[in-house]
Every structure is written in C-alpha cells, then in structure tokens.
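Just so it is clear: chains get the letters A, B, ... in the order the sequence lines come, proteins before strands, and each one is counted from 1.
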Amino acid sequence: MSSALLQSGPAPRKITIGRIGLYAFLLSMVVFFALPLFVMVITSLKTPEEIRMARIFALPAGLNFSAWAEAWSGACAGTACNGVEAGFWNSVKITVPAVALSVTLGALNGYALSFWRPRGGKILFALLMAGALVPYQIFLYPMVRVLAGLSLYNTLPGIVLVHVLFGLPLVTLLFRNYFVTLPIELFKAARIDGAGFWRIFGEIMLPMSVPMIVVAAMLQFTGIWNDFLLGLVFAGPDNLPMTVQLNNIVNTTTGTRQYNVDMAATMLTALVPLAIYFLSGRWFVRGIAAGAVKG
Amino acid sequence: QDTLKAEVFTSWTSGGEARAVAAIREAFETRGGVWETSSIAGFENANAAFQNRVVAGNPPTVRQSVLGMDARELIEMGLANSLQAVADANNWRDVMAPAIYDAISYDGEVYLAPVGIHGQSWMFYSMPVFEAAGITEAPTTWEAFFADMDLLKAAGVTPIAWGGQAWQEAKVFNMVLLSQVGNDGFMKIYTEGDEEILSSDAIVKTLEIFGRLRDYVDEGAPGRNWNDATNMVIQGQAGVQFMGDWAKGEFFAAGLAAGTDFGCALSPAATGMIFIADGFLMMKTGDPAQDAAQVLMAEVATDPAVQVAFAQAKGSIPVRTDVDTAALDICAQKAMSMMDEGLFVPEHAITISPDMVGQLTDFVGDFFANPDADPADAAQQFADIFRR
Amino acid sequence: MNTTSPAPAAVSVRDLQIRYGAATVIDGLNIDVAAREFLVLLGPSGCGKSTLLNAIAGLNDIAGGQIHISGKNVTWAEPKDRGIGMVFQSYALYPRMSVEKNLTFGLRVAGVPKDEIARRLAHASKLLHLDDLLQRKPAELSGGQRQRVAIGRALVREVDVFLFDEPLSNLDAKLRTELRVEIKKLHQDLGNTMIYVTHDQTEAMTLADRIAIMRGGVIQQLATPAEVYHRPANLFVAGFIGAPAMNFIPGTLTADGAFTGGGVVLPAVAAGASGTATLGIRPEHITPVPVGTGALRGTVTVVEPMGADTVVWFDCAGQQMSLRVMGDTTLTPGTEIGAAFDPARASLFDAQGDRI
Amino acid sequence: MNTTSPAPAAVSVRDLQIRYGAATVIDGLNIDVAAREFLVLLGPSGCGKSTLLNAIAGLNDIAGGQIHISGKNVTWAEPKDRGIGMVFQSYALYPRMSVEKNLTFGLRVAGVPKDEIARRLAHASKLLHLDDLLQRKPAELSGGQRQRVAIGRALVREVDVFLFDEPLSNLDAKLRTELRVEIKKLHQDLGNTMIYVTHDQTEAMTLADRIAIMRGGVIQQLATPAEVYHRPANLFVAGFIGAPAMNFIPGTLTADGAFTGGGVVLPAVAAGASGTATLGIRPEHITPVPVGTGALRGTVTVVEPMGADTVVWFDCAGQQMSLRVMGDTTLTPGTEIGAAFDPARASLFDAQGDRI
Amino acid sequence: MSRGKWRLRAAQLALSPTWLTVVLVYLGTMAWTVTLSFTNSRLLPNWDFVGLAQYARLFGTAKWTLALQNLVVFGVLYVAGCLVLGFLLAAALDRRVRFESAFRTLFLYPYAMSFVVTGLIWQWLMNPTLGLQPTVQDWGWAGFRFDWVTSRTMALYAVVLAGIWQGAGLVMVLALAGMRGIDAEQWRAARIDGIPVWRVYLSIILPQLGPALAAAATLLSMGVIKTYDLVIALTKGGPGSATEVPAKFIMDNMFQRQNLGLATAAAVVLLLSVIAIVVPFRYAAYIMAKRRAGAL
Ligand SMILES: Nc1ncnc2c1ncn2[C@@H]1O[C@H](COP(=O)(O)OP(=O)(O)OP(=O)(O)O)[C@@H](O)[C@H]1O
Ligand SMILES: Nc1ncnc2c1ncn2[C@@H]1O[C@H](COP(=O)(O)OP(=O)(O)OP(=O)(O)O)[C@@H](O)[C@H]1O
Ligand SMILES: [Mg+2]
Ligand SMILES: [Mg+2]
C-alpha cells in the first residue's frame with residue numbers, strides 16, 4: 001500500500017559528477033604512471049626493425065622474448081658478452097645479507113634508543129640523521145681507505161658493510177619512530193618479569209615490529225638493489241651488481257642501439273624490486289599505517 | 001712460477017673499441033699472459049672506480065690512459081712503473097713520431113706504452129646522402145660547407161649528425177678553431193695560453209662559425225652519444241658527422257666501405273690534424289709477477305703486427321712509423337701521410353690539465369646550448385680559461 | 001639507618017626524591033605500607049601516583065631516598081629482584097604470545113623448573129578462571145579477560161607485594177564494578193600487600209584499607225576510607241572525595257570560634273582560630289525542609305534522579321549546592337526550598353584549607 | 001499516510017531498516033520524539049545506538065523506512081539540511097582550527113553574513129563560557145572545554161534538534177558529573193529536542209525525560225527514568241539499569257500465582273501465570289536484619305563503603321547478592337546475616353523474561 | 001653505587017656499532033673532507049694547504065652557482081610536486097574507490113625503480129625524435145611538443161617530472177595512512193556542518209597531515225641533495241649546464257677533472273647549506289612540540 005507513501009524525496013543518486021571526475025582523475029593518473037612501464041615492456045618485446053619505425057606505443061607484432069634472453073645472458077659490454085645474469089646473482093649476494101643486517105641493526109638501534117634511552121642517545125640519533133643528508137660522493141675516498149685497511153675493499157663483505165652503514169640512518173629512524181609509539185608499559189612489564197636487554201628485544205619487541213620490518217626491508221631492498229655508485233666503487237670487479245652491468249650494456253652500443261635489449265635489461269634489473277612491490281605492496285602500506293614514518 | 005697476469009682497466013666497451021682491445025689481448029695471451037678485463041662504461045664511472053682502487057692501494061695492473069696530462073699526477077706521485085727500459089730495448093725513440101715520444105715521456109722518462117693515435121679533425125659524410133642532395137665533393141671551406149648543409153636541409157635530411165655532449169662539441173669547436181688560427185696558433189693557445197691570439201678576432205670568428213652549426217642540428221641532438229650520431233649517418237638520416245676516427249669503426253661494423261659508402265674528409269679549412277693518443281699506464285702493484293706482465297704488455301701493445309690490427313679495428317693509426325700501412329683503410333693512410341708531413345697537432349687533453357679540459361668543455365657546451373650567446377662575450381670567457 | 005626497622009612494614013619508602021630532567025616530581029616522600037594491607041594511592045591526573053609506583057617497582061631512577069620491601073633495602077635492585085608483581089593500566093600483555101606464554105614468560109626467563117611453572121600456571125589460571133583462554137592471543141580477549149591475564153602474570157610470580165596502576169580504568173563501568181569486587185576478594189584470599197593506583201574515588205573507597213590521597217607529589221592524607229570521607233584533612237581532600245562533591249560555604253570565624261557565612265551561623269565550632277574559613281557539608285547530610293526552616297535556603301535548579309537516590313541541585317545565595325535524598329523526590333526545578341544539616345557531620349577548614 | 005501526522009513529534013522514525021553489508025543492524029524500528037523532549041538512547045555497546053543516531057543525522061545510508069524531522073520528510077536529505085546539530089564522543093573538533101574557527105567554519109562555508117556569524121558566536125560562547133578560549137587550538141583545551149566547544153558547534157547552527165553521541169564518555173568521572181548537570185541546564189534553557197546516546201546509566205537516569213533502552217537494534221522499553229528503574233519491562237532492562245545490578249532470584253510460579261525460589265515464598269503475586277520465573281530486588285530495597293528474620297539469609301563476602309552509602313555483598317544459597325545501606329555499616333566479611341525486602345517494590349519476570 | 005650505568009651497558013653495547021659508524025664514517029669523513037677542502041689536492045689527496053683558495057674559486061665558478069640554483073629549483077618543485085600529487089592521489093583513493101589496492105600499487109611501483117631506470121625511460125619518452133612527441137604528431141596533432149629533455153629551458157622540469165613520477169607514490173602511501181588515521185567523526189561533523197568534500201580535505205584533513213607530509217618531505221629531501229643518477233641518466237647535466245646539480249659537480253671534479261680540493265670544498269658548502277636549512281627547521285619543530293606539550 002505504501003510504496004507511494006514511502007517514496008518521498010529524491011533517492012540519492014549513486015553516480016554523481018564528482019564521482020565521474022574522481023575516476024577520470026584516477027584513470028589519467030594510471031596513464032601517467034603506467035605509461036613508462038608499458039613502453040618498456042612492449043619495446044623489450046619488439047624486433048629492432050619495429051623499433052626503427054619509431055612508434056613507441058605500437059604493440060609488438062608478436063611476443064618476442066629474444067631480447068630478454070639476450071639481455072639476461074648474451075648482451076655485450078666490451079669484450080664480455082654475459083648479459084646481466086652474473087650481476088643479478090651478485091646483486092642477490094649483496095642485497096640479501098645487507099638488508100638482513102641493516103634491518104637487524106636498525107631495529108636494535110631503534111629499540112635501544114627508544115626504550116633504554118642511554119646516555120648520548122639523542123646525540124647519536126641526531127648525528128645519524130645528519131649523516132643521512134650528506135652526499136655519498138664525499139664518503140668514497142675515506143671509506144675506501146678504511147675498508148682497504150680492513151682488507152675488505154673490493155670484497156663481498158666490504159660492499160655489504162658499506163650498504164649496512166649507509167642504510168642505518170633510515171632504518172634506525174623507522175624503528176625508533178615505531179617503538180616510541182608502543183606503550184612503555186610493555187617494556188616495564190618485561191623488566192619486572194626479569195627479561196634483559198636482548199631478551200626483551202628478541203622475544204617481545206621484534207615479534208611486535210613485523211609491519212615495520214616489512215617496511216624497512218622493502219625500503220632497504222630497493223635502495224640497495226638500485227644502488228649504482230657504491231657498487232661501482234666498493235664491490236670490486238668480481239662482485240659488480242646488476243646496475244653496474246646494466247650501465248655497461250645500456251651505455252655501450254655497437255652500431256644500432258638495441259633498444260629492445262636495453263629495455264629488457266632495464267626491466268630485468270628492476271624486476272625484483274618491482275615484484276616485491278607488486279606482491280607485498282599491501283604489507284608496505286600496512287606497515288606505514290602502523291606508524292613507520294612519522295614527523 | 002707466477003703467471004703473467006694482468007688486470008686491464010679500460011673504458012673501451014663499444015664494438016670497435018672492444019675488438020681493438022681483443023687484438024692486444026690475443027697477442028698477449030699467445031705470449032703467455034693471462035688477461036683479465038675490468039671495463040666500466042662511461043669515463044666518469046670508470047674514473048671513479050679506478051681512482052678509488054688507487055686510493056685503496058689496490059690498483060689494476062694496466063690502466064688505459066690518454067697520453068699527456070691525464071696521467072701526470074699518478075706518475076708524479078710515484079704510482080706508476082717506468083717503461084724506460086722497455087722503450088730503450090725496443091728502440092721506441094726511433095720508431096715513433098717525436099710528438100708521440102714526447103707525449104709518453106714525463107720529465108725525460110717514458111711511462112706510457114702508446115697503443116693508438118686518433119686523428120680527430122674528421123668530417124665523415126654519407127656519400128649516398130650527399131649524392132641525393134646533389135653534392136659532389138666534400139666542402140673545404142666553411143662557406144661551402146654551410147651551402148652544402150642548406151642543400152641537405154632542403155633534401156629533408158638532418159644536415160649534421162650532432163652528438164650533443166659537451167666533450168664531443170669541444171672537439172668540433174677545436175676543428176673550427178684550428179681552421180681559424182692555424183696549427184701554430186692552436187699550439188700556442190693550448191700550450192702557452194698565448195694572450196695575443198686569445199684576444200684576436202679569430203676566436204670571435206671561430207665562435208661565430210661554431211654557433212652557426214646550431215642551425216643544422218636536429219632537436220634530438222642534446223645528450224646524444226657519438227655512436228648514435230654515427231648511426232644516423234650510417235642510416236642515411238643525416239649528412240655529416242664531425243668526429244674522431246674511432247667513428248670509422250662504427251661504419252665498418254655496419255659493413256660500409258670508406259670512399260664508396262662514406263667519405264672521410266678533413267673538417268673544412270683544416271690546416272692540420274688534431275690528434276689524441278691512448279696508451280697503457282703501468283700501475284705500481286708491488287707484485288713482481290704483475291710487473292713482469294706489464295713489461296710483456298708494453299711490448300705486445302707496441303708490436304708492429306698488433307699495432308696494425310689494433311688500428312684497423314679501432315679506426316686509429318699506429319703509433320709506430322715503421323709499420324706496413326697497406327692493410328689500413330684510405331682514411332688512416334691519409335692521416336699517416338699527414339703525420340709524416342708533421343701536420344699533427346695535439347689535442348687540448350694532451351697539453352692542458354684535466355681541470356682546464358673540464359672548463360673548456362663546460363664553456364663549449366654552454367655556448368652551443370645557448371643560441372643567444374654572443375660570440376664576442378664568449379671569446380672573453382674562452383680566453384679567461386687560460387688566464388687563471 | 002636510624003629509620004630502618006622495617007620489619008612490620010611490607011613496603012617502606014623513605015625521603016623519596018624523583019626528578020624528570022629538571023623538574024622534581026616527588027620531593028621527600030615517606031610512606032609505610034603494612035604487610036597484607038591494601039593501600040590505594042588516589043589523586044588527580046599528574047599528581048605523581050604512577051611515578052611513585054614505578055619507583056617502588058624499580059622502573060624509575062630515583063634521585064634520593066630509599067625503598068625497602070619486605071625488610072630488604074631494594075633501592076638499587078633490579079625490578080625482578082624486588083619481590084613485586086605489577087599490573088598496568090594498558091594491561092601491557094605481550095601481544096605476540098598466547099595467554100599461557102604471557103603468564104609464564106617471567107618464570108621461563110628466571111629458569112624456574114618446568115613442573116613448578118606448570119603448578120603456578122594451574123593455580124593462577126584456576127583462581128582467575130583463565131583455563132579456557134590459555135591458548136588465545138591477547139587480541140582475542142575481551143577487556144576484562146585481558147585484565148585478568150595481567151593480574152595472573154603478577155600472580156604467578158608468587159610475590160608478597162602487588163602493584164596496580166589503574167588496572168580498571170580502561171574498562172567500562174559495569175565491568176569495572178565487577179572486577180573491583182573480584183580484586184577485593186582476591187586480596188582477601190591471598191592476603192598479600194597491595195598498592196593500588198587509581199583516580200577513581202569509588203574504587204579507592206571500596207577497595208582500600210587505607211587511602212593515600214596525593215596532590216603534586218605530596219601525600220595529603222593517609223587514612224582509612226571512612227576517615228578520609230568523613231574527616232577530610234583539608235579542603236583538597238574534602239573536594240576530591242565524594243560525588244557529587246562536598247558543598248563548601250565560605251565564611252569567617254569570629255574570635256569566639258563561631259562560623260558565619262552564606263547565611264549560616266554556627267556558634268563555637270572552633271575555639272582559638274579566627275579569620276576566613278570554609279564550611280563543608282556532604283550532599284547526603286543536607287535535608288530539604290520547608291522554606292524558612294533550616295539553616296539554608298535556595299531555588300532548585302536541576303533534579304537528577306539516580307534510581308536509588310536523587311541529587312537535587314539548588315542555588316543558594318548564588319552558589320550551586322547539592323543535596324541527596326533516598327529514592328525519588330517531588331522537587332522540581334524552580335521550587336524554593338529550605339535546607340537543614342547536622343553541624344556535627346560538617347567539616348570546617350581554616351584559611352589555609354586545613355581541617356580545624 | 002495514516003501514521004504521518006508528525007506535527008507534535010520533533011523527530012519521528014518509521015520502520016527504519018539499516019544494513020551494513022549483509023548484516024541488518026536495525027530492522028523496522030519506530031520511535032517518536034516529542035518537541036522539547038530529552039530522549040536518551042541507552043544500551044550496551046554494539047546495540048545500534050550510534051547507528052540509529054547517525055541515521056537520524058543522515059550520516060548513514062538507510063535501507064528502508066522514513067525519517068521526519070520537524071514535520072519534514074528528510075529521509076534523503078543531506079545532513080546539513082535536516083535542521084540538526086550533533087555532538088560526538090571524540091568531540092571531532094577540527095584540530096588545526098582555533099575554537100572560534102571551529103565554531104564558525106560551517107557558517108562561513110554556508111555563506112552566513114558576517115554579523116550574523118558574530119552574533120551566534122557571541123551567543124554560544126557566552127552560554128558555554130568559551131569567551132576566553134576562542135583563540136586556542138583544541139589541543140590546548142582540557143577535555144571538558146573541548147566538549148563545550150563541540151556543543152557550541154552544534155549550538156551556532158541554531159537548530160531544533162540536538163543529537164549527542166556519548167558526549168561525556170571520554171571524560172573522567174568528576175568532569176562527567178559536572179558536565180552532565182551543565183547539559184541538563186542547557187536543555188532547560190534552550191528547550192530544544194535532544195536525543196542523547198550513552199551507555200552510562202547514571203547519565204541516562206539523570207538527564208532523560210524518557211529513556212529508550214536498546215538491545216540488538218530493538219527498543220526494549222521506552223519510558224521515564226523512574227518507570228524504567230522501578231518497573232523494568234523485562235529482565236534485560238532490569239539487569240541493565242541500576243548499580244549494583246538488581247538481584248535476581250530464580251524460582252517458579254505455582255498455579256495459584258505464588259512465587260517460590262531461593263528460600264523465598266511470595267504468595268499470590270501473579271495471577272494466571274505459571275512456570276519458571278525470576279524475582280528481582282534492587283539492593284537498596286534489601287535491609288540487613290538479624291539472622292533468622294527476613295526472607296533471605298547469607299554470609300557477607302565483601303563490604304564496599306562508598307562514603308554516602310555502603311554496598312554489602314553476601315552469599316545467599318550460592319548466589320552473590322548485594323544490598324545497600326546508607327552511611328557506614330558494621331558488617332564485616334564472614335558475618336551471617338538475614339535480609340528483608342518489601343515485595344511491593346520487587347519485580348517479577350516470567351520465563352520469557354518479561355515483566356509480570 | 002654506580003647503579004643505572006651497568007643496567008644500560010647492554011644498550012650501549014648494542015649501539016656501539018652505530019657509534020663506531022657515526023664517529024669513524026660520518027664524523028671522520030666530514031673532518032677529512034673539510035681538511036681536504038683547504039688543500040690543492042687534484043687527482044689524489046695531498047696535504048698541500050692553500051687556505052680558502054678552493055672556496056674562493058668555487059664561488060667564482062658559474063657552474064657551481066648554477067648547480068646550487070638548479071638544486072633549489074629542482075628540490076622545491078620535486079618535493080612540492082610529490083607532496084601535491086601524492087596528496088591528491090591519496091585523497092582520491094580515500095574516497096572509497098573500487099580497485100583501490102590496484103590503483104595504489106600502480107601509483108607506488110615507480111618508487112621501486114632506481115633513478116637510473118627512471119631517468120632512462122623518461123629520457124626516451126621525452127626525446128623529441130623517439131618518444132611521445134613524434135607519436136602524437138603522427139596521430140595528427142602536428143603542433144604537439146614534448147621535448148623537455150633537449151630544451152635548455154625545460155630540461156630541469158623534465159628532471160622534476162621524472163622525479164615526481166618516481167616519488168609521488170610514497171607520499172600517497174604516507175598521506176593515505178594519515179588520512180585513514182583521522183577520526184571518522186570529523187568527517188561526520190563536517191557533513192553536519194555542510195562542508196563540501198574538497199573543502200574538508202583542504203581545510204581540515206590537510207592541516208592534520210602535517211607530520212605525515214613532513215616525514216615524506218624529509219625522506220624526499222634526503223634524496224634531493226644526493227640527486228645524481230637521475231640527472232645523469234636523463235640529461236647528463238645538459239643541455240649545456242641546464243641541469244647541472246651539486247652532486248654531479250662534485251663527482252665531475254673529483255673523478256673527471258682531477259680537482260679533489262674543489263670537489264671537497266663544494267661538498268662542504270653543500271653540507272653547510274643543508275645544515276643551515278635543516279637545523280632551524282628541526283629546532284622550530286622541537287620548540288613547537290615543547291610548547292604543545294607544555295600547553296596541556
Ligand atoms: N617520562 C617523564 N618525563 C617527564 N615528566 C614526566 C614523565 N612521566 C611523568 N612526568 C610528569 O610527572 C608528573 C607525575 O606523573 P605521573 O605519571 O606519576 O602522574 P599520575 O598521577 O600517574 O597521573 P595519571 O593519573 O594521569 O596517570 C606529571 O606532571 C608528569 O607530567
Ligand atoms: N561501518 C560498519 N560496518 C559494519 N558493521 C558496523 C559498522 N558500524 C557499526 N557496525 C555494527 O553495527 C552494530 C551497531 O553498532 P553501533 O555503532 O550503532 O553500536 P553502539 O550501540 O553505538 O555501540 P557503542 O556503545 O560501542 O558505541 C554493531 O554490531 C557493529 O558491529
Ligand atoms: Mg599514572
Ligand atoms: Mg556508538
């Protein structure tokens with residue numbers, strides 16, 4: 001009986017102008033952000049002839065993965081034609097321990113600074129933050145001297161150490177800011193339970209900081225994986241990371257520039273961090289929301 | 001017994017360069033050496049890696065180095081091994097042009113093993129493109145050159161394949177400069193900073209001509225690599241390229257023949273050939289095995305047969321005057337004959353410090369990038385580099 | 001050294017001084033807590049209750065003074081060695097450990113034998129009805145359950161002194177009332193010494209053997225709940241305890257000890273004192289009477305029926321006063337009323353605010 | 001059309017249906033709020049109070065039904081066009097704006113003339129004593145001051161209906177008591193319609209003209225505070241209202257209408273009903289008497305002195321019961337007592353929990 | 001009675017590697033750098049002191065002043081651009097859009113790319129003979145121009161654009177986290193007040209994101225000072241010196257031009273400018289935090 005009666009006033013419209021504008025904005029942003037990736041992918045799949053036609057948005061005629069294969073194991077830099085494969089494994093060997101170590105050390109720093117407040121902690125933190133603002137270039141010579149003195153120059157442990165040292169400020173910042181948001185009572189309760197410095201860290205604080213570990217590890221991973229300068233200077237000829245080899249391939253050309261191989265090599269180099277962001281972006285966002293980066 | 005192992009640090013990574021190095025490598029290995037390549041693309045990157053290794057006390061055995069001022073400080077600091085004994089034993093003083101022998105000697109002692117000389121005042125051009133535009137032969141004056149370029153423009157091709165990096169532009173600038181001040185003037189500027197020439201009209205004229213080149217350059221030029229520019233000529237997209245003879249390597253690699261597919265002419269109004277030369281610097285490693293390898297390397301690199309093979313691959317000319325030039329291409333032969341006539345002038349990198357080289361490069365790069373730059377003002381800036 | 005005969009006192013604090021940076025939060029505080037006593041520290045926010053409790057637990061560095069627990073000087077001892085258990089406002093459960101792990105963490109750290117741990121766990125979980133919850137994570141518990149786990153964590157330590165820092169203030173009113181009774185029963189069962197911080201006066205009144213009322217780091221009164229309620233040591237205590245608050249009537253004391261103020265005249269209440277003074281009367285000690293009778297008169301402004309009783313607010317010479325009657329009332333806003341009170345149950349404070 | 005004569009009702013909700021995703025939180029709720037009435041929505045957490053309030057405010061999409069405010073159908077109207085003001089639990093002040101900006105932001109956006117804004121601002125800040133605070137940021141205010149600003153923001157809208165969502169629950173007990181009285185006076189002064197959500201029964205009892213007690217999205221009883229307290233409609237309402245809670249004695253009704261249970265026998269209380277039943281007695285309606293006298297007997301377990309009165313918990317046939325006496329008591333835990341009550345003030349509920 | 005100290009020994013122990021790093025690597029390096037800047041070191045460090053000559057020369061070098069100017073322009077535009085775009089993206093995603101996580105991932109992924117890759121790809125897209133320009137012109141829009149990398153006036157903005165592309169996603173994530181942390185009741189209050197959505201973001205949400213945006217700005221600024229890879233890959237500092245930046249200037253003089261003294265002087269000046277900007281900023285934040293804490 002009451003349909004006429006109940007029907008009163010305009011029902012809210014679901015699709016408004018604002019909504020359309022919103023999606024229009026988002027879609028245009030999708031184009032802006034995705035375009036470079038799209039171009040890289042399609043170019044890497046083209047044949048040199050297709051590339052010469054200078055239509056960067058044209059889709060490749062077929063799925064031609066030969067450029068990828070060549071970039072992986074055949075592309076030449078100088079007399080060596082080994083692609084980026086060796087660099088890939090070097091990068092893995094550098095990045096994995098460097099990330100693990102720097103995150104551990106950074107977490108430890110953040111924990112010690114926020115809960116234990118040892119003497120000089122504030123100064124240490126301030127100096128660490130100041131260090132983060134210095135251009136890397138000026139560290140090179142002295143660091144080289146120090147590492148050479150330790151017989152670590154041009155070795156795998158050496159380059160790992162360098163990354164750990166330069167990663168410390170950011171990771172420490174992340175963890176300190178996270179730990180200060182945790183209730184101090186937790187720490188007090190553990191003290192009453194008789195747990196000491198390491199025990200509280202290992203059994204209570206670390207398990208609680210998983211979101212932050214994810215954020216720190218992702219930031220460090222991309223930072224270290226993408227590094228060029230430190231790898232170039234400290235890694236030594238046997239451990240050159242992927243980025244250096246990418247540079248060698250992209251910046252040397254024989255005759256016609258092989259854009260498809262360049263792009264494939266570029267993609268290969270970016271693949272691991274990209275995969276990490278595509279697969280665990282959600283965790284990254286969650287970790288940030290859990291308080292990683294504040295003031 | 002220790003192997004004769006040498007780690008060779010070069011920034012030669014492109015096709016022709018790589019093949020040239022391979023020629024030395026082959027001979028070195030045949031004679032019992034063990035060759036290990038460390039190559040980093042790009043001068044800045046290679047330098048950064050190399051210098052840091054020196055600082056760390058862990059230098060490579062052999063360092064590719066430009067003859068002249070580039071290696072001076074390393075030698076003065078006692079970081080390099082002398083090659084005087086090798087030079088004496090192999091009689092370098094007699095088999096090499098005096099200009100070269102001077103350039104490898106520092107305070108009377110030989111330190112560098114020269115491996116190749118590059119003539120730099122070349123103008124490479126695409127013969128089919130010239131033909132299509134109705135140009136019959138390479139221009140020898142700037143006026144003729146600009147007239148030809150207008151023809152190319154009208155024909156719808158990019159007149160000049162321009163590598164828009166400052167170091168390349170500096171080389172073109174030198175070609176124009178040489179045409180305006182002559183060989184002696186050029187030497188006076190770059191060795192003594194001769195005030196009279198620096199303040200003469202010739203410099204302004206040089207800059208005017210150099211500035212006019214901007215009109216014949218495509219908009220993709222800034223930042224372009226030299227080999228990409230060469231490729232434009234190879235592909236017939238552009239008419240000419242001013243570049244050192246290493247560009248020949250690209251032409252050859254593309255299967256083009258000198259004199260039929262592409263021409264190598266001296267840059268317009270050139271009075272001589274500007275050259276630059278590469279050599280091997282033998283770093284002090286403190287390791288006797290590597291010292292021995294260095295001696296072997298010096299001998300191999302200057303070996304006549306290797307010299308020819310190297311020059312062929314790289315497009316350069318041999319450092320020795322006593323080699324058989326028959327195997328070389330016509331461009332190289334043309335250059336060799338100029339060398340014999342004493343028309344070779346060393347490039348600025350051989351005679352002025354890297355610091356000044358940098359300033360010159362900046363100057364040229366800025367001038368070319370700015371169409372509004374006033375040649376008269378710019379001439380002042382140019383002179384200022386030498387007045388410091 | 002002269003004052004250290006702490007045998008009867010379970011916790012004894014001597015001349016305690018605590019500073020945060022430059023600010024001295026507690027300056028020379030003394031308190032003795034008898035064995036088996038339930039002492040409540042009550043006071044407004046920021047008065048230093050937690051600071052004092054943390055000092056007793058050994059979680060704060062102290063600037064001076066000494067702390068004895070069960071006869072031992074523990075001034076510099078580690079928290080775990082003081083023989084205390086502590087329960088925090090935020091529960092402070094270890095979020096990644098199950099309830100069982102939470103309860104036994106301290107014991108495992110201390111290397112207590114397995115069967116002993118099992119025994120204590122069983123005891124605590126039985127006492128606190130945690131048996132079904134042992135495998136849960138704290139996030140899977142309700143507020144009240146979390147609070148019980150927190151208490152359990154102190155319980156398994158089998159210590160003599162329990163410290164509570166506002167353990168109920170994160171819970172809703174109903175649960176608070178329930179758990180309050182539980183804690184009281186726990187104390188009756190265990191017979192430990194308990195020091196309990198709160199700013200909720202109902203909790204303080206109902207739980208305490210003695211209440212220490214603090215303000216600005218200083219103990220204002222240390223006495224039984226009844227004493228604190230009926231004979232507040234000063235104006236602060238009088239106003240702080242009781243809801244609605246005690247009614248204050250400003251006035252003066254004449255030389256003969258009579259109080260005059262707000263239309264009230266009380267003869268000879270305070271011999272010897274003189275000057276300004278304040279008379280304090282609790283709402284339940286005021287009775288509404290017909291206008292004209294009674295010492296006070298005023299206009300009803302707000303009537304708050306509470307079910308069991310009713311609070312009537314009235315305006316008395318420009319001052320809001322409240323009175324409390326059992327059950328309902330027929331008074332309505334706007335009514336003129338008189339109000340009578342028993343002077344014997346009133347409190348009188350001098351110009352400094354101290355009880356006369 | 002038959003039900004829509006909303007002239008007397010300020011707010012009228014018809015057949016309201018609200019869903020969150022698949023879950024129907026409110027299903028066919030009806031309520032009318034008279035003009036100038038102070039209606040309190042009371043209920044446990046999650047019962048749908050905020051949901052209902054938000055629906056009235058237009059902040060929730062509704063799945064069915066209608067809402068009328070001041071005679072207009074506003075079912076689909078924007079919140080700002082409904083003639084309502086709202087005060088939130090978290091205050092929801094705009095943190096980076098001064099108090100003045102907070103109060104006037106809505107008016108400025110709506111383009112109200114400057115002098116009109118100034119007038120309303122002056123009025124609200126005078127009424128709420130905010131004059132000295134106008135230039136402060138919310139962070140620089142105390143909890144009570146923030147709450148006043150939040151009320152002020154609703155006030156400047158000069159609307160007929162005020163909605164409050166637990167406006168006091170973030171404040172401490174003392175402040176809560178104070179502001180409660182302020183809100184009551186504000187209502188008396190302004191004479192608007194107010195709908196007030198709380199889960200604090202004291203607030204509900206003291207503020208409301210009528211209380212709507214909700215549970216699971218359904219209104220259990222809608223009546224005056226006295227009615228709700230003394231004649232609860234069902235067991236849920238009875239247990240929910242009153243602290244300590246009403247004592248329940250389970251038992252049976254015999255065919256002749258007599259109640260037996262827990263040692264209590266009440267003849268002829270409920271004619272016609274039979275089966276299991278529950279007797280409910282409020283603590284203040286139980287008096288301790290010498291053992292052997294009175295309908296009940298038990299052992300005292302906990303004594304909670306509250307100052308003005310004392311709650312005594314006693315164990316009666318295995319069941320915890322409470323009684324309340326004025327002032328102090330001499331009873332101590334362990335004492336055997338008898339307990340008497342007035343059957344006329346007790347409530348009786350049938351097997352379904354409904355009042356008989 | 002040295003209590004308290006031993007209790008912290010473990011903490012000090014845990015921090016000792018960091019202390020070592022800070023003292024040896026950071027402070028040591030800075031001292032070394034400052035010292036070298038007073039020498040006439042060329043290719044390799046030497047200890048031939050020349051006073052302030054390198055500084056005098058530095059400020060007589062047009063390229064250095066240009067590099068500093070470029071850094072300021074780039075830094076301001078890049079950070080501001082990232083903040084604005086990131087905030088807009090966050091606000092858009094905050095509006096309960098469909099496929100939110102897909103959008104979010106897409107906007108964030110460039111952050112996983114190195115500056116080298118970012119530079120390479122944008123160099124290509126903005127190249128007037130290879131990239132977007134000829135393609136769009138082919139589509140019939142003959143007047144279309146997108147030649148920023150090769151234009152002397154626009155090249156710096158090309159660097160900014162590529163930088164924003166890379167960094168906006170991070171700001172978005174931070175801002176979005178901040179927005180999600182804002183009390184939902186504020187939104188309700190604003191709706192009752194009748195505030196339009198855009199106005200709520202502008203006047204109410206944005207001011208509250210201060211800390212999140214400040215954190216983002218800090219992270220981005222750390223990158224700005226070190227900007228090198230991006231410029232090298234994108235423009236190599238050109239055309240001319242149009243995109244010269246301090247880090248490249250330092251790098252060139254250190255490794256290319258055998259001018260270590262000048263390079264270290266430049267590094268010191270850069271460091272001092274950073275300190276001159278950061279310290280007052282931090283100090284102000286500190287004072288404000290103090291004041292806020294004190295006011296309550
Ligand atoms: N870590 C600290 N640093 C500096 N001052 C502090 C610190 N902790 C507490 N204070 C100050 O010491 C005083 C006492 O604080 P305390 O926490 O003991 O108060 P409280 O009585 O427990 O209050 P609440 O009821 O709010 O918990 C307060 O003025 C507080 O501001
Ligand atoms: N946005 C939402 N999405 C899904 N379910 C919701 C949402 N908001 C509330 N609910 C559910 O609706 C029911 C009623 O919630 P509501 O917030 O109205 O309760 P309440 O009575 O206000 O409780 P409280 O006293 O805790 O504020 C609850 O079961 C809750 O879980
Ligand atoms: Mg406290
Ligand atoms: Mg609610």
Quiz prompt | Region of E:A190 in contact with chain D, defined by heavy-atom distances below 4.5 Å | solution = both

Self-check item: Parallel, tilted or perpendicular, as decided by the 30° and 60° cut-offs, for the rings of D:F105 and D:Y94
Solution: perpendicular

Quiz item: Is chain E contacted by the side chain of D:I84, its backbone, both, or neither, given a heavy-atom distance below 4.5 Å?
Solution: both

Quiz item: Non-hydrogen atoms of chain E under 4.5 Å away: do they reach the side chain of D:N54, the backbone, both or neither?
Solution: side chain

Practice problem: Check each atom of D:M86 against the heavy atoms of chain E and say whether the ones under 4.5 Å are side chain, backbone, both or neither. | Solution: both

Quiz prompt | Pair E:E244 + E:K248, salt bridge at N-O below 4.0 Å | solution = yes

Quiz item: Which pair of heavy atoms, one from D:L175 and one from D:G144, lies closest together, and at what distance?
Solution: CD2-N, 3.4 Å

Quiz item: Between E:W187 and E:Y201, is the gap from one ring center to the other below 6.0 Å?
Solution: yes

